Amino acid sequence: MRGFSMSNLRSVRTQTVQHLCSVGVCLALVCGLSAPAWADLAPLPDARRTAPAASPAPAASPAPQPDKDGFVPESRPMNGPTVDESIPAGPLVATAYGFVWIAVLGYIVHLGRGIRRVEGELAELEGKLSKSLSKS
Amino acid sequence: MTEPTPSPKAFSTTQLLLLALICVGFAVAPQLIVKAPNEPTMGLVQRIFYFHVPCAWQTMIGAFIAGGASAVYLFRGSEKARQVAIAAAELAVVFGLCVLFTGPLWARKAWGVWWQWDVRLTTSALLWIIFVAALFAERYGGPGGPRLSAGLMVFGAADVPMIYISVSLWRTIHPKTSVVPTLDPSMRLALWTSVLTFTLLFAVLMSLRIRLQRQRDRLAHLTMRAEDAGLFDE
């Protein structure tokens, strides 16, 4: 049991929990900070309907030719009338990004709990073992 | 058996630096993703790409590391390799779950269906199932569990090249790997920022998971010692 005392374990455990909490807070903060960006990303489902009837058609620039294997940037403005939205893309995108965030944060919480539990059990066992060794 | 000594600090300086970079990455990536242009045929839903692809790459990296470490464990019996393999496999499962969840959301809009039994999709699902099975075998497989788990991980890692080349070898509706080099520069910047951030996140989570596994192994070792000393007989 070289260099491995109960107090050392407790301090490591406390530090780990504190750091994991700070990681969680940081990630939550990052989510919050990036929220305006996501708000900008939200689609405007009624854009087509609310567009003025007399608005000029998009400039007759040559449409981008999508490569059969690649993605091509759209030349039209982002929030203007875009592709057919019969299936709304916004909720799908939001769900996808939300799921990844929840999965990552959930895994961090799971890891933190695991480390805390195992280090707690280790400290307890260390204490018992050292007591029994001192008795014998 | 040598007893692993826990690091005196909860996080090393390198890990803290990586965490800071990850926070910066996750703050910057959404801005770049929003600024990236819409793709004309798929529109907004194509933006799932910027999280879907990095998660897929982390899955493949995790599977490769797990397979390699498992091979080392099988041939040399290295406990450290087993710990690395378990950590990498768990991360492959976590990121794989993200891939398998975000992919169908993209497909629903782009293809009109949630799922296709396409080669790329099927081999990806297979990889995830293999690694879930490997983790179950490791945890509940009894004395032979670790070796069975390692064998499964090697088998799963062999699926990674298959996933990568599947879109080039077979007719598939999944976008090809040639999409990435031909991306528009603003799309590319958003993608690479996400990839870098997810890779750093993978590294930090991997180091934490390895540490947890070491502590678990140490706990198991000490429990055996305590049982031998009759500590639980009282």
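What you see is a predicted model, and the numbers here were worked out from it, not measured in a lab. Here is how names work: the chains are called A, B, and so on, in the same order as the sequence lines, proteins then strands, and each is numbered from 1.
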Non-neighbouring partners of A/F99 that pass side chain to side chain contact (heavy atoms under 4.5 Å, CB included), sequence neighbours left out: A/A103, B/L97, B/C98, B/F101
Pair A/V93-B/Y50, side chain to side chain contact (heavy atoms under 4.5 Å, CB included): steps then yes or no: CA-CA 11 Å; A/V93 176; B/Y50 301 108; over 6 Å; no
Reported CG-to-CZ distance for the pair B/L212 and A/R113, which is rounded to 0.5 angstrom: 14.0 Å
Part of B/T177 lying under 4.5 Å from any heavy atom of chain A: neither
Residues A/H110, B/E90; criterion side chain to side chain contact (heavy atoms under 4.5 Å, CB included); working and verdict: CA-CA 12 Å; A/H110 167 76; B/E90 198 169 290; 4.2 Å; yes
Set of side-chain hydrogen bond (donor to acceptor under 3.5 Å, both in side chains) partners for B/T102, sequence neighbours left out: B/H52
Residue, of A/I102, A/L125, A/T95, that accumulates the most heavy atom pairs under 4.5 Å with chain B: A/L125
Working for side chain to side chain contact (heavy atoms under 4.5 Å, CB included), residues B/R211 and A/E119: CA-CA 11 Å; B/R211 179 175 152 179; A/E119 289 184 349; 3.3 Å; yes
Student check: side-chain heavy atoms of B/R216 and A/E121 closer than 4.5 Å: no
Working for side chain to side chain contact (heavy atoms under 4.5 Å, CB included), residues B/Q215 and A/L122: CA-CA 8 Å; B/Q215 300 286 45; A/L122 258 177; 3.4 Å; yes
Closest heavy-atom pair and its distance - B/C55, A/V100: SG-CG1, 4.2 Å
4.5 Å side-chain heavy-atom contact, A/Y107 and B/F95: no
Structural part of B/F198 lying under 4.5 Å from a heavy atom of chain A: side chain
Side-chain donor or acceptor of A/Y97 paired with backbone N/O of B/R47 under 3.5 Å: yes
